[in-house]
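Remarks on the structure that follows.
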Amino acid sequence: MTITFIGHGYVGLVSACVFADFGNTVWVIGHTQEKIDRLKKGDPIIYEPGLEELLKKNLKAGRLNFTLSYKEPIASSEIVFISVGTPPKNNGEADLSAVFNVARKIAETLPNNKKNLTVISCKSTVPVGTNKKIEKILEKHKPKNTPVAVASCPEFLREGTALYDTLNPDRVVIGSESKKAIDLLLKLHEPISGKRVITDLASAELIKYAANAMLATKISFANLISFYCEKTGADVEAVLDAVGLDKRIGRVFMNPGLGYGGSCLPKDIKALIKIGQSLGINASFFEEVDIINQLVKENFINKILKHAPGKKLAIWGLTFKPGTDDIRFAPSLFFIDKLLQYKFSLSVYDPIAINNVKKLYREKIKYYSNPYNCIKNVNALIITTEWNEFKQIDLDKVKRLMKHPFIFDGRNIYSPETMKKLQFKYYSIGRKSL
Ligand code: UGA
């Protein structure tokens with residue numbers, strides 16, 4: 001098939017590479033010449049494990065084309081995926097301007113009398129009713145004799161495991177009123193595993209928000225339970241392990257920590273609250289999920305302010321989770337901002353995101369390319385992202401290098417017993433400091 005992705009972020013670029021790898025001809029439309037040039041040379045721009053290799057392989061095979069122009073891709077594609085960003089506005093609503101602009105450009109570029117159906121499928125996360133609006137824009141601006149159908153095909157990939165998730169999704173959701181559109185999308189997804197969910201546009205749109213809201217809820221639940229543990233002396237890991245053994249509940253995605261960050265869960269829960277309000281629904285349940293996500297960070301900063309034995313601190317792990325260089329809504333940024341406000345001096349280390357953080361803080365903090373150098377003579381170490389390399393790091397060496405052996409672990413990487421044996425003063429989430 002010939003297909004197009006508009007947008008080359010995590011969703012657009014990863015999906016484009018995967019479908020090109022299956023043998024399809026894939027166009028990717030961007031809007032910045034510099035980025036398109038980099039992509040054409042095999043530079044994925046974003047960091048995602050395995051992506052660069054797949055990009056280079058499919059560029060070389062001639063199946064993947066990057067362009068700024070809509071003309072050739074739209075004229076030749078059977079399916080056009082809209083995969084542009086829907087960032088949060090100041091009031092929490094999803095900003096849909098890019099989605100609607102793109103829909104109009106598609107409509108205006110569709111050739112007159114194109115015989116075969118063009119499916120316009122939205123992969124961006126959009127509020128219920130958006131695809132209907134896309135349909136209206138298409139009808140208004142496209143040539144009358146050119147058939148189109150709209151479909152919603154939400155994406156469930158996670159950053160850091162995006163290729164694996166795209167190839168092995170739990171489900172492929174397709175919402176459309178057009179049987180032909182559904183058939184074309186089913187054909188495209190044939191090589192991909194996962195249960196097929198065929199539904200209407202509104203349900204497909206809501207499935208995406210409901211899934212992310214459930215994930216955010218599990219995390220905030222775990223974090224709220226960690227507050228109970230801290231007040232009562234219970235151990236949050238033991239509590240959640242036991243709770244999770246109930247098959248109706250499960251333990252996955254219920255890790256307490258510094259809350260959910262990234263470009264999806266924080267924005268989607270806020271957008272869902274706004275959608276609820278606009279529909280006259282009391283969405284205060286989701287507001288609480290969002291509030292807890294802020295409270296966990298405040299609870300942890302209070303621990304640091306209360307117990308840190310000096311003003312020189314190190315932070316390990318800056319991304320919103322391991323396996324990515326993405327720092328959007330990363331908890332680390334909250335801690336950097338707060339600690340700078342309280343006049344702490346900060347050294348930071350991250351395996352891949354240092355350059356992204358440098359762009360934000362420049363000379364305000366010190367950057368290290370090695371975790372050990374980062375902690376020399378500091379009064380305390382704060383861990384905000386659970387990169388694997390911290391899990392079995394040489395803790396004796398860590399202790400020798402630090403001025404004071406204080407660790408504030410926001411991801412419960414180490415066991416309190418081990419840390420006690422090693423004579424660290426160790427603070428974590430929902431567990432006693434021994
Ligand atoms: C999330 C969803 O997991 C994907 O299914 C979805 O497709 C994607 O959003 C999206 O809407 O595009 P992602 O943002 O890549 O994926 O990251 P997650 O793995 O969900 O992690 C989000 C945040 O939650 C991270 O900051 C992570 O540290 C935190 N988290 C996750 C916890 O604090 N505890 C957990 O148990 C799990």
Side-chain angles (χ1 to χ4, degrees), residues 7 9-15 46-49 83-88 94 122-127 153-166 168-173 194 205-226 236-237 240-241 243-244 249-272 289-290 292-297 300 317-335 353 383-387 409-413 428-430:
Y10 288 89
V11 172
L13 186 58
V14 169
S15 310
I46 48 172
Y47 172 81
E48 182 60 41
S83 46
V84 294
T86 53
C122 193
K123 272 204 174 285
S124 306
T125 301
V126 292
C153 202
E155 180 54 59
F156 300 97
L157 63 80
R158 294 162 296 176
E159 288 180 26
T161 50
L163 287 180
Y164 176 85
D165 290 348
T166 306
N168 307 281
D170 292 327
R171 71 299 215 193
V172 173
V173 175
E205 290 168 330
L206 198 54
I207 285 167
K208 171 68 191 185
Y209 277 109
N212 275 0
M214 188 66 219
L215 294 172
T217 301
K218 284 190 98 174
I219 297 167
S220 281
F221 169 81
N223 285 325
L224 184 57
I225 294 297
S226 81
V236 74
E237 300 294 345
L240 292 174
D241 283 349
V243 169
I249 300 171
R251 179 66 168 90
V252 282
F253 225 81
M254 223 164 55
N255 295 316
L258 300 176
Y260 52 83
S263 67
C264 303
L265 302 191
K267 121 179 130 59
D268 290 351
I269 202 89
K270 285 190 165 63
L272 195 56
V289 170
D290 196 34
I292 294 165
N293 201 46
Q294 188 56 26
L295 288 181
V296 287
K297 291 186 262 295
F300 200 63
L318 304 170
T319 52
F320 82 95
K321 67 173 193 178
T324 177
D325 66 347
D326 196 343
I327 56 165
R328 286 176 290 176
F329 295 96
S332 66
L333 306 184
F334 169 88
F335 292 99
I383 300 175
T384 49
T385 312
E386 69 279 31
W387 285 98
D409 175 2
R411 299 291 180 175
N412 286 359
I413 298 180
S428 56
I429 305 285

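For ligands, and for the atoms within them, numbers begin at 1 and follow the listed sequence.
- Contacts of Lys297 classified as side-chain hydrogen bond (donor to acceptor under 3.5 Å, both in side chains), with partners at least two apart in sequence or in another chain: none.
- Sorted by first and then second residue, the salt bridge (charged side-chain N to carboxylate O under 4.0 Å, His left out) pairs involving residues 258-272 (not counting sequence neighbours) are Lys270-Asp290.
- Remark: the backbone N or O of Asp326 is paired with a side-chain donor or acceptor of Thr324 at under 3.5 angstrom.
- Glu48 has no carboxylate O lying under 4.0 Å from a charged side-chain N of Arg158, or vice versa, which leaves the two without a salt bridge.
- For ligand 1, the 4.0 Å heavy-atom shell takes in Glu155, Phe156, Leu157, Arg158, Glu159, Lys208, Asn212, Leu215, Ile219, Phe253, Met254, Asn255, Gly259, Tyr260, Gly261, Cys264, Leu265, Asp268, Phe320, Lys321, Arg411, ordered by chain and residue number.
- Between the Ser226 side chain and the Gly430 main chain, no donor and acceptor come within less than 3.5 Å of each other.
- Considering only residues two or more places apart in sequence or on other chains, Phe156 meets the side chain to side chain contact (heavy atoms under 4.5 Å, CB included) condition with Pro154, Arg171, Val173, Ile207, Lys208, Ala211.
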